[in-house]
Protein chains: 2
Amino acid sequence: MSQHQPTGDGPPAEPSGGAPTRGGSHPGTGTAGRGDTAGTLPRPTLESVAERAGVSRATASRVVNGGAGVRASLREKVQRAVDELGYVPNLAARTLVTRRNQAVAVVVSEPESRLFSDPFFAKHLRGISRELSSADNQMVLLLIEDQADFERVGRYLGGGHVDGALLFSLHHSDPLPDIARRVGLPFVIGGRPGWPGAESDRELTYVDSDNRGGGRIAVQHLQSLGRTRIATITGPLDQTSSVDRLDGYRDLLPYGDPDLIAEGDFTPDGGGRAMAELLARRPDLDAVFAASDAMASGALRVLREAGRRVPEDVAVVGFDDVEQIAAWTDPPLTTIRQDIEDMGRLMARLLLRRLAGQVDTTARRGPTSVITPTRLVVRGSA
Amino acid sequence: MSQHQPTGDGPPAEPSGGAPTRGGSHPGTGTAGRGDTAGTLPRPTLESVAERAGVSRATASRVVNGGAGVRASLREKVQRAVDELGYVPNLAARTLVTRRNQAVAVVVSEPESRLFSDPFFAKHLRGISRELSSADNQMVLLLIEDQADFERVGRYLGGGHVDGALLFSLHHSDPLPDIARRVGLPFVIGGRPGWPGAESDRELTYVDSDNRGGGRIAVQHLQSLGRTRIATITGPLDQTSSVDRLDGYRDLLPYGDPDLIAEGDFTPDGGGRAMAELLARRPDLDAVFAASDAMASGALRVLREAGRRVPEDVAVVGFDDVEQIAAWTDPPLTTIRQDIEDMGRLMARLLLRRLAGQVDTTARRGPTSVITPTRLVVRGSA
DNA sequence: GAGTCCATTGAGAGCGCTCCCAGGAATCGG
DNA sequence: CCGATTCCTGGGAGCGCTCTCAATGGACTC
């Protein structure tokens with residue numbers, strides 16, 4: 001397997017002097033050609049397939065790309081040649097002429113976010129991967145960690161290496177959508193974009209889960225349990241998901257006491273702090289809707305320390321249904337489930353459709369964005 | 001906020017049909033040419049840069065690629081042209097001739113594994129991303145979900161689209177290493193490969209955390225606490241990480257009672273079951289080393305239900321230090337930490353080095369694989 | 001002052017593939 | 001049985017870039 005002569009021919013170094021080493025970049029370079037037994041065997045080209053099948057390159061190409069308009073007998077012959085040679089099209093060459101990369105970028109611009117601590121990220125990717133690979137597209141992952149990365153990623157997106165992009169967790173000042181737009185790269189956003197004007201921008205396509213509806217369901221469940229002093233721990237209110245969940249809460253409690261609302265930060269600690277605050281302000285509360293399971297777990301701990309029983313004294317509902325957390329708190333968390341994987345799949349599908357309909361983005365307008373449903377999962381905490 | 005027109009457009013629906021916007025995909029398609037005002041503006045090519053700078057394409061290329069051997073004045077001129085035109089090299093074209101893709105594949109072949117429930121996955125990717133992007137390489141993510149995917153991925157790896165691959169969570173029968181080897185694609189494995197013969201295969205490069213050492217540290221800690229009847233809940237023993245952790249345990253308890261060993265499956269449930277089993281066999285146990293935090297959390301629950309206090313009656317040590325779990329169990333988990341991100345970074349670095357030294361894999365041998373350290377994190381459970 | 005050498009530069013040949021276009025075969029109507 | 005269509009097929013022109021090779025010209029040596 002170790003197919004390398006122990007020659008020390010370094011990449012930059014010039015060959016000593018003899019015949020070209022690199023297998024000669026020019027086909028007819030006398031000396032080598034196929035001769036280089038050592039390195040990677042030269043991959044068969046369409047040309048060689050055509051030759052073996054006794055047809056022209058054009059015909060071979062047709063067969064490889066579906067075989068429409070080629071007589072069956074020839075098609076078979078070419079197919080056989082392909083199999084025998086183990087021919088695999090050179091994507092670079094194909095891309096060069098078709099301008100299609102069969103690849104989309106997945107950009108995640110949240111260094112320390114929940115995307116990394118929750119299984120969110122992985123699930124999203126899985127959904128995306130499913131959809132993408134079924135259309136024979138690859139997924140190029142671009143992680144943004146600091147400001148400098150924005151430039152790098154921007155350059156990449158503008159470099160024509162991918163046919164489209166899936167953008168996650170954008171912030172208000174995120175330059176990515178603009179960059180993508182400028183270079184004419186189709187993209188779909190994960191999560192409702194929250195910057196000013198985004199709402200009315202009909203060009204923006206995004207997929208989000210029904211955060212508001214989820215908030216409503218949570219409160220509704222709590223109310224159906226007879227709870228009347230329902231508090232809520234929100235996520236950071238500069239994120240649309242937090243705002244939407246809170247809006248859902250407000251939908252059912254339009255005249256609620258502001259003292260029953262505390263802002264957390266999606267972490268267990270933050271949830272705990274918010275819970276303590278709520279308890280101080282309204283010791284009589286009998287239910288809490290936490291906008292994330294992580295915060296709910298922190299709240300649970302604070303409640304326990306305060307001597308409140310869950311769900312008897314205080315009923316708790318979380319959000320996300322992260323198995324790692326929700327199923328293993330004590331008591332297990334009643335929560336709002338969102339189908340992350342499905343969101344990923346949807347995003348990919350939306351993008352793919354757009355790419356297929358390359359034709360006309362404008363006419364394709366209509367209902368571009370999609371909201372995926374959320375639903376209640378009852379466990380022990382409420 | 002509820003930004004949705006009440007349209008019921010199913011994903012598969014066909015568009016109404018409109019005039020092509022994005023300009024024909026074929027460069028010289030008579031009709032249009034450059035005329036397509038609407039779509040993407042034609043990207044500048046090296047040719048145009050050269051022309052604008054008044055030099056030849058070759059010189060422009062030299063400047064773009066580092067500018068060695070080009071007179072300063074010309075170099076500047078070309079640089080200016082590049083900036084003004086916003087030139088970005090066409091990677092496909094470059095790849096076509098250089099045979100370098102500046103991209104590596106990351107293959108994860110574990111559909112339902114911990115990789116997806118733990119933040120493991122994300123952390124690995126982050127580490128990889130860091131390293132890769134600093135070398136201006138892209139990361140193509142390939143997720144394997146079922147058997148059919150193996151073929152797809154194999155084809156991809158063999159397709160010459162990437163310069164190397166990072167392979168994760170391989171199983172015994174995993175065909176990927178063989179495929180990669182056959183097509184001469186350099187690769188690095190995440191986690192010690194466990195198939196027969198792998199150990200002695202000097203061609204195999206892998207990065208793993210010091211599972212065995214971690215197991216030792218865990219038991220050592222328990223012993224230092226004065227515990228003498230230390231049980232262990234192992235992971236599935238067909239995985240090297242499980243075996244290694246158990247070996248660590250055995251290193252310190254060579255003559256231990258087999259009744260103190262129970263096999264789990266890395267899930268909380270499995271951990272709980274194993275714990276119950278251990279409790280039944282050895283009611284007098286005073287400590288447990290669980291080979292994962294998830295299993296430890298299940299064990300914790302069973303212990304609580306059995307009326308054992310932790311850590312007073314039974315001390316518990318986990319493994320992984322997954323924040324989501326370890327910091328939020330009751331009591332918080334004392335555990336063994338492994339630096340996942342660093343492992344990712346290391347894998348990428350190893351691969352990159354190999355790619356750079358393309359030259360001769362054989363000579364580069366030396367210490368190919370790397371084991372990253374693990375360390376004890378003391379919280380409340382032991 | 002002639003000869004030699006080195007640093008620069010440009011010309012041109014491809015990399016492997018797709019697609020336009022035209023020629024030839026096969027098919028069909030009259 | 002012949003001209004008009006319709007099908008197939010091969011020829012050939014690039015896609016944008018890198019790299020080899022030869023030509024140019026000035027610096028330097030003797």
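In what follows, chains carry the letters A, B, and so on, assigned in the order in which the sequence lines appear, proteins first and then strands, with residues in each chain numbered from 1.
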Short side-chain N/O contact from B/S61 to OP1 or OP2 of D/dT18, under 4.0 Å: yes
Nearest-Å distance, CG (B/L91) to P (D/dT18)? 10 Å
Taking the side chain as every heavy atom from C-beta outward, state whether A/L351 and A/P186 have any pair of such atoms under 4.5 Å apart. yes
Rounded to whole Å, please give me the gap between CG in B/L85 and C1' in D/dG16. 14 Å
So, OP1 or OP2 of C/dC15: does either fall under 4.0 Å of a side-chain N or O from A/R43? no
Looking at every strand, decide which applies to B/V64 at a 4.0 Å heavy-atom threshold: base, sugar-phosphate, or nothing. nothing
What is the distance, to the nearest angstrom, from the CG atom on A/L74 to the P atom on D/dC7? 17 Å
If the cut-off is 4.0 Å, is A/N65 near the phosphate of C/dT18, judged by side-chain N/O to OP1 or OP2? yes
Answer yes or no: is there a side-chain heavy-atom contact under 4.5 Å between B/L157 and B/R182? no
I need the NE2-C1' distance between B/H161 and C/dG16, as an integer number of Å. 13 Å
Considering heavy-atom distances to DNA chain C, does B/V70 or A/E47 have its closest nucleotide positioned more toward the 5' end? B/V70
Could you check how far CD of B/Q102 sits from C1' of D/dT18, rounded to whole Å? 14 Å
Using a 4.5 Å cut-off on heavy atoms from C-beta on, say whether the side chain of B/N65 contacts that of B/R94. yes
Any idea which of D/dC19, C/dT8, C/dC17 is nearest the A/Y87 side chain? C/dC17
To the nearest Å, give me how far apart CG (B/L46) and C1' (C/dA11) are. 15 Å
From C-beta outward on B/S56, which listed nucleotide comes closest to its side chain: C/dG10, C/dC17, D/dC15? C/dG10
Would you kindly give the CG-to-P distance between A/N90 and C/dG16, to the nearest whole Å? 7 Å
Under a 4.5 Å cut-off applied to non-hydrogen side-chain atoms, are B/E151 and B/R155 in contact? yes
Quick check for you: among D/dG12, D/dT18, C/dG16, whose closest atom lies nearest to any side-chain atom of A/A93? C/dG16
Checking only heavy atoms, does the side chain of A/R62 share a donor-acceptor pair with the base of D/dG10 at less than 3.5 Å? yes
To the nearest 0.5 Å, what is the distance between CZ (B/R100) and OG1 (B/T95)? 9.5 Å
Any side-chain N or O of B/T59 below 4.0 angstrom from OP1/OP2 of C/dG10? yes
Report yes if some heavy atom in the side chain of A/N90 is under 4.5 Å from a heavy atom in the side chain of B/L96; otherwise report no. yes
I want to verify a distance call: between D/dT9, D/dG10, D/dG16, whose nearest atom is closest to the B/L96 side chain? D/dG16
Expressed in angstrom and rounded to an integer, what is the separation of B/R100 atom CZ from D/dG16 atom P? 24 Å
Taking only side-chain N and O atoms of A/T45, does any of them lie within less than 4.0 angstrom of OP1 or OP2 on C/dG16? no
Would you tell me if any nitrogen or oxygen in the side chain of B/R94 comes within less than 4.0 Å of OP1 or OP2 on D/dT18? yes
Kindly indicate whether the side chain of A/R57 and the base of C/dT18 share any N or O donor-acceptor pair separated by less than 3.5 Å? yes
